[in-house]
Amino acid sequence: MSKQTFMIVGASLAGGKAAGELREQGFDGRIVLIGAEDELPYERPPLTKDYLRGESEREKAYVHPADFYEQHDIELVRGATVTAIDASASRVTVDDGRELDYDKLLLTTGAEPRRIPVPGSELDGVHYLRTLADCDVLRRRLDDSSRVAVVGAGWIGSEFAASARQLGLEVTVIDPLALPNERIFGPEIGAFYRDVHVQHGVEMLLGQGVDAFEGDGSVARVRTSSGRIVDCDFAVVGIGITPRTQLAGDAGIALDNGIVVNERLETSAAGVFAAGDVANAWHPFYEQHIRVEHWANALNQGPAAARAMLGQDVSYDRIPYFFSDQYDVGMEYSGYATSWDEVVFRGDRDGGEFVAFWLSGSRVVAGMNVNVWDVNQHVQELIRSRRAVDVAALTDTSTALDSLVAEPTA
Ligand SMILES: Cc1cc2nc3c(=O)[nH]c(=O)nc-3n(C[C@H](O)[C@H](O)[C@H](O)COP(=O)(O)OP(=O)(O)OC[C@H]3O[C@@H](n4cnc5c(N)ncnc54)[C@H](O)[C@@H]3O)c2cc1C
């Protein structure tokens with residue numbers, strides 16, 4: 001029998017990890033990993049953190065060492081965009097005109113920054129941050145500027161603001177919400193992160209959006225919806241991302257807030273899978289489709305899709321997890337909570353060393369540990385147990401979290 005070709009479109013974290021997993025699992029067919037960026041597959045978290053600040057080398061961000069692909073006989077095609085999929089013929093078209101056949105296809109096309117639709121957004125100096133190339137440009141901007149306006153107090157904006165402050169720039173953050181990430185985490189954590197930035201000297205202009213970027217050729221000011229004028233040398237916009245679905249959509253693959261996949265990460269087209277930021281996957285634990293835009297999901301879902309491509313028994317049910325580092329505040333969050341009854345705290349909330357729990361009744365539906373480590377696994381176990389917990393014990397640091405996981409239902 002001739003060897004099969006497994007093709008992966010999107011050579012970033014999910015795609016790079018999936019390619020490695022195929023070999024790890026003993027697949028001895030052809031692996032073709034195609035990526036639009038002219039880079040080795042890399043991880044993006046350093047792009048708002050150490051790499052942005054010039055504290056780490058490019059290589060540290062790579063998903064695998066540079067020689068990994070050759071060593072594992074993975075055909076990495078860089079700087080090439082797949083422009084069409086013919087799912088019935090199992091063939092893709094690449095922008096250089098080549099047509100390539102596959103036996104199984106994995107789409108890890110990720111996401112791209114949402115653009116801000118206001119006057120002046122096309123001015124030079126209005127930046128977005130998704131790629132290493134974007135980050136290299138911003139590193140130079142940070143080097144030769146003294147003032148930056150950050151639009152959006154989500155994770156990208158907040159981490160960029162923290163790094164810019166650490167490099168000594170004057171930073172103003174503008175966000176229409178009253179508190180950073182308030183819709184996802186509620187007012188308590190929103191206020192905590194607002195205060196962290198204020199304590200580090202960031203001007204937080206909250207509850208106001210951006211009406212316009214102004215300047216002569218390049219941005220010099222941001223005008224907010226409250227009429228404030230923010231002078232700046234450049235601006236960074238982080239107002240969310242959009243899954244890159246056009247390729248799949250044009251091929252007739254079902255879309256709904258991303259590429260719709262089942263718990264085996266199979267799309268609506270036979271032999272075509274999707275993973276990472278682009279995939280809206282059926283989650284067996286939550287019994288709904290969830291699209292997770294975080295590092296750990298790409299890290300784990302890519303390999304899970306690879307195992308599904310090999311016909312293994314796969315049911316991707318990891319509890320969503322992500323992390324963020326801002327100044328000296330590190331945090332991990334696990335869970336998926338769209339509504340809750342209350343947020344309770346364990347530890348030193350004012351001192352910034354605590355675990356926050358989102359409770360539905362007395363069940364933990366999400367948890368965030370801030371400058372407290374080695375507890376996130378227990379947070380996940382509490383979520384997964386769906387167990388009613390004794391809230392007094394949960395918030396008492398003298399009660400071990402793992403003992404609550406083991407406790408019978410209250
Ligand atoms: C600056 C930054 C910082 C972050 N920090 C954190 C963090 O601290 N914690 C956390 O949990 N998460 C973080 N994230 C999120 C995390 O990086 C993403 O969840 C992750 O990158 C998703 O990986 P992916 O492989 O699914 O998609 P992507 O990383 O988006 O990669 C998709 C790739 O596919 C390529 N592609 C798309 N279409 C085609 C095509 N038609 N043909 C060929 N190639 C194509 C793209 O060029 C891209 O390289 C951060 C993201 C950014 C941008």
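Residue numbers start at 1 and run along the sequence shown. As the structure lists them, so they are numbered: ligands from 1, and atoms in each ligand from 1.
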Quick one: which of Y321, F285, Y286 gives a ring pair (Phe, Tyr, Trp, His ring centres under 6.0 Å) with Y336?
Y286

No-hydrogen, no-angle side-chain donor-acceptor test under 3.5 Å, H197 and Q326:
yes

So, E170 and S146: side-chain donor and acceptor under 3.5 Å apart, yes or no?
no

Y51 six-ring centre to R139 NZ/CZ under 6.0 Å and within 45° of normal:
yes

Protein residues near ligand 1, heavy-atom distance below 4.0 Å?
V9, G10, S12, L13, A14, I34, G35, A36, E37, R44, P45, L47, T48, K49, A80, T81, V82, T108, T109, G110, A111, L129, R130, I156, E159, R244, L247, G276, D277, E293, H294, W295, A298, F322, F323

Is R165 positioned over the aromatic face of Y327, cation under 6.0 angstrom from the ring centre and no more than 45 degrees off axis?
no

Is there a ring pair (Phe, Tyr, Trp, His ring centres under 6.0 Å) between W282 and Y316? Walk through the geometry before answering.
CA-CA 8 Å; W282 178 259; Y316 188 83; over 10 Å; no

